[in-house]
Amino acid sequence: MPTVSFVVPCFKLAEFLGDCVHSILSQTYEDFEILIMDDCSPDHTGDVAQSLKEDSRVKYIRNEFNLGHLRNYNKAIGLSRGRYIWLISADDRLRSRQVLSRYLQLMERRPEIGFAFCPAIGIRDGTESGLISWSFHGNRDVVFNGRDFLKKLLKANCVAAPSVLARTECYDKSLFPMDLPNTGDWFLWCLFAMHYDVAYFAEPMVHYRLHENQMTNWFLSEEPLLHAENDIIVRWRTMKSAQEAGLSSLASDCAESLASFAAYHIACSEDGDRKVLNALAVQNLLRKYAADENEREAMECLLVKALGDQYLDRGMRSKAAECYGNALRRGPVSGKLLAKYGLSRMGSMGSYVLDGLRLIRGSRGSPA
């Protein structure tokens, strides 16, 4: 049985497939299989894949009908025989011949590590375009405590998917959820970090290809509201997973992140941004996903407080005071909430105090 299974999903990416697979075949660590998962591509993916099968480690699977990318991923995970799985889209590639060896040297010694990742370098038209900034976490290798790293993930997805090697057992926790077409990987990183530590390698050892047909670009341009919903649902699913695991403090962090992100959308929608969720859309999501009326009311209370923060940061003190007053009536009451309510009602003096606090800690800005 191979130690590692590389999963290479492919749909209309024949022009990049060979480059991706050759970057894997050139790894110094050689005990792996490569599963090319062709989701009924209408281009010449099959011809390219057949030429790559000269190496016995390469296997070509063409689906009988188009499954869609999530079902294709999950099918591949089920077919994988390795103790580790590396899912890398056919348009991305490995940048270093040693990346697999370096990951495994650490993960084989440290069974508490669930997945490893590194920063990515963008590549466009065959030329490197620079570091993908959101994937960078410092200049030294480090093993993050999983739950500490999860708090980073709750702010935004900060892991480049083509850089991730995960233990196969991680996928026993969950496969890709069907209701998260553009953020399923993000949810999995959150879930894995809830149960395992996370290894970060500072050297950028993968290429993240930038091109017109990228799936993420399609979602952002064609389905921005669905993309925004996915961002909220990731946090909701993570919160529910933490509750099921008995991690109440972590579940509270998830709930606050969810409320903060939803409030940011509502405030932006009031500013005229049509690519974010308005108050009605957020309320509909709460009604859809809340387990019962108590959970919905608790989330609405957090949302009201978070919306007050958004208004306060925008200098809209009267609207902020209204939100904080509403939150105080709903409960529970905290000293922090009382302080914010008081500052929002102090007029210009409250603004001076807030400006001073921002200088110390920096403005909240977008939670994304």
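The model shown is predicted, which means the values in this text are computed figures rather than measured ones. Values reported hereafter were calculated over all heavy atoms of this structure, with side chains retained and with hydrogens, waters and symmetry mates removed.
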Does I85 offer a backbone N or O that forms a donor-acceptor pair with the side chain of S80 under 3.5 Å? no
With side chain to side chain contact (heavy atoms under 4.5 Å, CB included) as the criterion, how do Y289 and I232 come out once you've worked through the C-alpha distance, each side chain's angles and the decisive distance to 0.1 Å? CA-CA 11 Å; Y289 283 93; I232 289 178; over 6 Å; no
For E128, is there an ion pair with R95 - N to carboxylate O distance below 4.0 angstrom? yes
Closest approach of S89 to C20 (non-hydrogen atoms, all atoms of both residues): O-SG, 3.7 Å
Contacts of S129 meeting side chain to side chain donor-acceptor pair (under 3.5 Å) (sequence neighbours excluded), chain-then-number -> none
Does anything in residues 62-71 form a salt bridge (charged side-chain N to carboxylate O under 4.0 Å, His left out)? List the pairs, not counting sequence neighbours. D38-R62
Salt-bridge test for R330 and E297: reply yes if a basic N is under 4.0 Å from a carboxylate O, no otherwise. no
Can you tell whether the side chains of E256 and K151 come within less than 4.0 Å, N to carboxylate O? no
Residue pairs passing the side-chain hydrogen bond (donor to acceptor under 3.5 Å, both in side chains) test where at least one lies in residues 165-174, sequence neighbours excluded: Y84-R167, E169-Y196
Rounded distance (nearest 0.5 Å) linking atom NE2 of H207 with atom CD1 of I132: 10.0 Å
V276-L285 co-clustered via ILVMFWY side chain contacts under 4.5 Å: no
Is there a side chain to side chain contact (heavy atoms under 4.5 Å, CB included) between Q243 and L250? Walk through the geometry before answering. CA-CA 8 Å; Q243 290 173 347; L250 196 55; over 6 Å; no
Taking D273 for its side chain and K275 for its backbone only, find out whether a donor-acceptor pair lies under 3.5 Å. yes
Could you list all the salt bridge (charged side-chain N to carboxylate O under 4.0 Å, His left out) pairs where at least one residue sits in residues 174-198, not counting sequence neighbours? D179-R237
Between atom CG of N326 and atom OH of Y341, what is the distance when rounded to the nearest 0.5 Å? 10.5 Å
Going by side chain to side chain donor-acceptor pair (under 3.5 Å), name the residues that satisfy it together with D141, two or more places apart in sequence or in a different chain. R102
Counterpart residues, side chain to side chain donor-acceptor pair (under 3.5 Å), relative to N63 (two or more places apart): D39, N72, K75
Taking the basic N atoms (NZ, or NE/NH1/NH2) and the acidic carboxylate oxygens, is any pair closer than 4.0 Å for R57 and D55? yes
What's the spacing between L188 CG and N157 CG if we round to 0.5 Å? 10.5 Å
Is there a salt bridge (Lys or Arg N to Asp or Glu O under 4.0 Å) between E322 and R317? Walk through the geometry before answering. CA-CA 9 Å; E322 182 181 348; R317 293 190 301 273; over 6 Å; no
For L338, give me all partners under side-chain contact (heavy atoms from CB on, under 4.5 Å), at least two apart in sequence or on another chain. L328, V333
Looking only at atom types and distance, does a side-chain atom of S5 sit under 3.5 Å from a main-chain N or O of R81, one as donor and one as acceptor? yes
Charged N to carboxylate O under 4.0 angstrom, D19 versus R93? yes
Any sub-3.5 Å donor-acceptor pair from D31's side-chain atoms to P2's backbone N or O? no
Spatial distance of atom OG (S23) from atom CG (D92) [nearest 0.5 Å]: 9.5 Å
Quick one: do E270 and K319 satisfy salt bridge (Lys or Arg N to Asp or Glu O under 4.0 Å)? Show the steps, please. CA-CA 12 Å; E270 293 174 353; K319 294 191 74 171; 3.6 Å; yes
Can R314 and Q310 be said to form a side-chain hydrogen bond (donor to acceptor under 3.5 Å, both in side chains), step by step? CA-CA 6 Å; R314 286 167 165 76; Q310 290 293 326; 2.6 Å; yes
Might you work through the side chain to side chain contact (heavy atoms under 4.5 Å, CB included) test for L17 and I36, ending with a clear yes or no? CA-CA 9 Å; L17 176 60; I36 299 174; 4.1 Å; yes
With R83 via salt bridge (Lys or Arg N to Asp or Glu O under 4.0 Å) - residues at least two apart: E108
Who passes side-chain contact (heavy atoms from CB on, under 4.5 Å) against S51, sequence neighbours left out? none
NZ/NE/NH1/NH2 to OD/OE distance under 4.0 Å, K305 and E300: no
Heavy-atom donor-acceptor pair, Q283 side chain to A279 backbone, under 3.5 Å: no
Does any pair with a residue in residues 20-52 pass ring pair (Phe, Tyr, Trp, His ring centres under 6.0 Å), and if so which ones, sequence neighbours excluded? F6-F32
C158 to L153 - nearest heavy-atom pair and separation: SG-CD2, 3.8 Å
Does any N or O in the side chain of S257 come within less than 3.5 Å of the main-chain N or O of C254, such that one atom is a donor and the other an acceptor? no
Sidechain-backbone polar pair: S135 side chain, P119 backbone, donor-acceptor under 3.5 Å: no
For E112, what residues pass the side chain to side chain donor-acceptor pair (under 3.5 Å) criterion, not counting sequence neighbours? R110
Show your working on side chain to side chain contact (heavy atoms under 4.5 Å, CB included) between V234 and W189 and close with a plain yes or no. CA-CA 10 Å; V234 162; W189 314 149; over 6 Å; no
Residues S26 and R97: closest non-hydrogen pair is O-NE, 2.8 Å
Scanning both residues in full, the closest heavy-atom pair of L70 with P177 reads CD1-O, 3.2 Å
Is there any ring pair (Phe, Tyr, Trp, His ring centres under 6.0 Å) pair reaching into residues 124-159, and which pairs are they, with sequence neighbours excluded? F117-H137, F117-F149, H137-F149, H137-Y200, F144-F149
If you round to the nearest 0.5 Å, how far is CD1 of I24 from CD1 of I88? 5.5 Å
